[in-house]
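Read the structure below first, then the notes.
So you know, we letter chains A, B, ... as the sequences are listed, proteins then strands, and number each from 1. In this text, all values refer to a predicted model and were calculated from it rather than measured experimentally.
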Amino acid sequence: MWEETRKSGVKWQQLEHKGPYFTPAYEPLPDGVHFFYDGKPVQLSLAAEEVATFYGKMLHLECTTKEVFRRNFFSDWRKEMTAEERKLITHLDKCDFTEIHRHFMERAEARRTLPREQKQKLKEEAEKLQQEFGYCVLDGHREKIGNFKTEPPGLFRGRGDHPKMGMLKRRVMPEDVVINCSRDSKIPEPPAGHRWREVRSDNTVLWLAAWVENIQNSFKYIVLNPSSKPKGEMDWQKYEVARRLKGVVDKIRAQYQADWKSPEMKKRQLAVALYFIDKLAPPSNSLALRTGNEKEEGETADTVGCCSLRVEHVRLHAPSAGGQGHVVELDFLGKDSIRYKNHVTVEKLVFQNLEHFMEDKDPKDNLFDALTPGGKHGSVQADIVLEKELNVLDLDPQAAGSECTSSLNKHLQDLMEGLTAKVFRTYNASVTLQEQLRVLTRGFQISLFQKEMTGPGIALGLLCLTQKDIVQPPQEAEDSLTCKILAYNRANRAVAVLCNHQRAVPKTFEKSMQTLQKKIEAKKAQVAEARVELQKAETDLRMIGDHKPKSIDVATCRQLKSTPYALRGGVVPSGYFENATPCGSESQHILDSIRVATSGVLQKQRRLLKLEEQLARLRAKATDKEENKQVALGTAKLNYLDPRISIAWCKRFGVPVEKIYNKTQRERFAWAFNQAGEDFEF
DNA sequence: TTATTTACTTAGTATCAACTCT
DNA sequence: AGAGTTGATACTAAGTAAATAA
């Protein structure tokens, strides 16, 4: 069934929806808010004012200080001005948006501090909108839509050094929007006085509406929510492909390793490129690069992936006397201009190949030039020929990627149906999670077993200690749950590191770390204090023994020794009462005071344990926080880790899935829940 | 072939909402 | 109750890769 739909490309039979919700029209600034030029208030035309507010709203953001941003903004803004405005406003430096900025900050603040009922009202209105526009009917099921609103107009915020940052992103109009729905469904109504660009019925795609965005001239789509059935199905298939890779990955690796020795330059480059994409050697010797498609120069930030790597991104470190092995250093800006910097030990053959690939090239030349059309190794068959061709140096050194990625993917397709470069990231990520979970929680099942055998329920003394006096194993269940979750996060983090998922250090990081440290110090003090108190209680108990050891009869002595306290190697030394003589009624009194003193010791002991636990938990939290400082776990969790691995692990270790996946995530992974038994293996 | 277009996944950040602590 | 934290969500940019056009 799935096979058929995949082959035919048909994705639905019925699709009905209300079309996108459009950004409300621009609301002019209130009378009291002014824009100033050269110190004088200027009443702008509506269009120019709107664009001015886009900039004013962003005044606190770093991008407004960037020259490219300011230049692009100013140039686009001037296009929206009237002739007079354009004549007057010639320098951005003379523009004063501070009143506009203050206005929007105050408005946001006002909304935050709205009384509870008004907030409730806003929430209800949002919910109404969601109900009206946020769902569609797909093959008889009501499915949630991911983004049912068109993107509002504003200033483009590219990441990294984006040449187009600050450009005006135009308002989307119904006339821009193509609607996709089934022919016989209720066709969505365009807003009054407008019409759609087109209404079509293409059931080989999943989008509901689309428009062309004016910055990059690319499509934007209204699509389904990840919780929807078709999205879930695709997610599932993605992991199934990755699992099939597991079956052939050894063969593939053997082959590309063999290809490192191929006489054909192209083959060797392909083999090394694939190695860069695949190499997995935890904990810190993996590469896991993205494919690195070609990008149009000047249209986007200069970022690269495997196929678009340039010589300048690679450094080779020959084996040193210290015996470091062959090390490759990669340093480049990857997706989202996130820096990828890594030292990795590689096989000698890889190293030699790289030396060869880099020979006689400029830093700006492509590393894998034989896989790109204009590269100097491009059409060369063998090294021997290559050596004679060295004069073909400056043939378009910039040409990158597309040829490389498509030949790479074509090669992979031959090795396994459905295999592409990005599958390696999915595969390596999921396999790493599974393995790390195994390693990091290896101890837990054993300790559960031990608990059964030696648990707390052993015979207690007859000192009439009440149940609560028994030293409980320190809240085992809860404590081990904390440990398990910490272990899960560690495993998750290993994958995030593998995939280089970074985030900006949270603005509040230092401060909240400090408060946490303070808490730890306070807890340490409490622990020390509790320890002193325990010692004092122990001395008290011993004192009773010192003063009246003889008063205890033999039977009581036995009882005493069998109390949990004595058994724990406490302060009453074994044999301490051995020579006590029977002394009848007096022993009852002694027994009483010992009971009280013992109970005191037990109480102090419990308190100490509890505090020590709290301290341990705080320390764990601090570790977790520190390790997470620059690592984003969410991306791996959402896009790379087969949820069935986590679900199976939860079942095996008795961890409630809610501790791992929040509500949205459980909805997103709904497809996985009835699939993964506790013995699921990726 | 090679370049362009299209459709979909992957990504980090800003903001919003909920919760914790004082 | 209000401030401060934290977690969740909304948002949309930036990739991948297949399909299509030239």
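Within the 3.5 Å criterion, the main-chain N or O of A421(A) finds a donor-acceptor partner in the side chain of N409(A). A donor-acceptor contact shorter than 3.5 Å is absent between the side chain of R644(A) and the backbone of A672(A).
Side-chain contact check for Y239(A) and S430(A): no donor-acceptor pair (N or O, by modelled atom type) lies under 3.5 Å. For the residue pair Q131(A)/E127(A), the side-chain donor-acceptor check at 3.5 Å is satisfied. In the model, K295(A) has a side-chain atom that pairs as donor or acceptor with a side-chain atom of T303(A) under 3.5 Å. Side-chain contact of T405(A) with N293(A): a donor-acceptor pair under 3.5 Å is present, judged by distance alone.
Proximity of R290(A) to the phosphate of dA11(B): a side-chain N or O atom is located under 4.0 Å from OP1 or OP2. Between R425(A) and dA11(B) there is a side-chain N or O to OP1 or OP2 distance below 4.0 Å. Residue K220(A) has a polar side-chain atom (N or O) positioned under 4.0 Å from OP1 or OP2 of dA13(C). Remark: T291(A) is in phosphate contact with dA17(C), judged by side-chain N or O atoms under 4.0 Å from OP1 or OP2. Close to dA17(C), at under 4.0 Å from its OP1 or OP2, lies no side-chain N or O of K422(A). Regarding contacts with the backbone of dA14(B), every side-chain N or O of H60(A) stays at 4.0 angstrom or more from both OP1 and OP2. For S512(A), a side-chain nitrogen or oxygen approaches OP1 or OP2 of dT6(C) to under 4.0 Å. Phosphate contact (OP1/OP2 of dG4(C), side-chain N/O of K511(A), threshold under 4.0 Å): absent. Of the side-chain N and O atoms in K238(A), none sit less than 4.0 angstrom from OP1 or OP2 of dC8(B). Phosphate proximity of dA11(B) to H501(A): present, with a side-chain N or O under 4.0 Å from OP1 or OP2. For Q216(A), no side-chain nitrogen or oxygen approaches OP1 or OP2 of dA13(C) to under 4.0 Å. Neither OP1 nor OP2 of dA7(B) sits under 4.0 Å from any side-chain N or O of K11(A). When the side-chain nitrogen and oxygen atoms of N293(A) are compared with OP1 and OP2 of dG15(C), none of them lie within a distance under 4.0 Å.
Atom CZ of F69(A) sits about 6.5 Å away from atom OH of Y55(A), to the nearest 0.5 Å. The distance from atom CD of Q13(A) to atom CG of L138(A), rounded to the nearest 0.5 Å, is 10.0 Å. Taken from CZ in F424(A) to CG in L245(A), the straight-line distance is 5.0 Å, to the nearest 0.5 Å.
Along DNA chain B, the nucleotide nearest to V212(A) and the one nearest to V223(A) differ in position, and the one closer to the 5' end is contacted by V212(A). Nearer to the 5' terminus of DNA chain C, by closest-nucleotide assignment, is the contact made by K169(A) (compared with the other of V423(A) and K169(A)). Between A108(A) and N217(A), the residue anchored nearer the 5' end of DNA chain B, judged by the nucleotide with its closest heavy atom, is N217(A). Residue order along DNA chain C, read from the 5' end via each residue's closest nucleotide, puts K663(A) first among K663(A) and N147(A).
Comparing dA8(C), dA14(B), dC16(B) by their closest approach to the side chain of R112(A) singles out dC16(B).
The CG-C1' distance, from N628(A) to dG7(C), rounds to 13 Å in whole Å. For D202(A) and dT6(B), the CG to C1' distance is 11 Å, given to the nearest whole Å. One atom, CZ of F104(A), and another, P of dA14(B), lie 19 Å apart when rounded to the nearest Å. Atom C1' of nucleotide dA18(C) and atom CZ of F219(A) are separated by 15 Å, given to the nearest angstrom. Taking atom CG of residue L516(A) and atom P of nucleotide dG4(C), one finds them 18 Å apart after rounding to whole Å. What separates NZ of K335(A) from C1' of dA13(C) is a distance of 9 Å, to the nearest Å. Atoms CG (L419(A)) and P (dA18(C)) sit 10 Å apart, rounded to a whole Å. Rounded to whole angstrom, the span from the CZ atom of R111(A) across to the P atom of dT15(B) amounts to 12 Å.
Inter-axis angle, ends of the helix from dT1(B)-dA22(C) to dT22(B)-dA1(C), five pairs per end, rounded to 10 degrees: 0°.
Within the nucleic acid shown, G305(A) has no heavy atom closer than 4.0 Å to any nucleic acid atom. R159(A) comes within 4.0 angstrom of a base, heavy atoms only. Using a 4.0 Å heavy-atom distance criterion, A504(A) is classed as a sugar-phosphate-only contact. Residue-level contact check: K625(A) touches the backbone only, with heavy atoms under 4.0 Å from sugar-phosphate atoms and none from bases. If you check every strand for non-hydrogen atoms under 4.0 Å, T303(A) touches sugar and phosphate atoms only. Heavy atoms of T150(A) sit nowhere under 4.0 angstrom from any nucleic acid atom. Within the 4.0 angstrom heavy-atom criterion, no nucleotide atom of any strand lies near P226(A). Using a 4.0 Å heavy-atom distance criterion, Y221(A) is classed as a base contact. Within the 4.0 angstrom heavy-atom criterion, only backbone atoms of the sugar-phosphate kind lie near A421(A); the bases stay farther away.
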Check against salt bridge (Lys or Arg N to Asp or Glu O under 4.0 Å), E521(A) and K518(A): CA-CA 5 Å; E521(A) 291 307 316; K518(A) 255 182 232 159; over 6 Å; no

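Contacts between residues 632-646 of chain A and DNA chain C, defined by a heavy-atom separation below 4.0 Å, involve no residue at all.
In this structure, the side chains of W12(A) and N180(A) come closer than 4.5 Å at one or more pairs of heavy atoms.
The local environment of CG in D202(A) is crowded, with over 12 non-hydrogen atoms from other residues, nucleotides or ligands closer than 6.0 Å. Few gaps surround CD on E124(A); more than 12 heavy atoms of other groups in view lie less than 6.0 Å from it.
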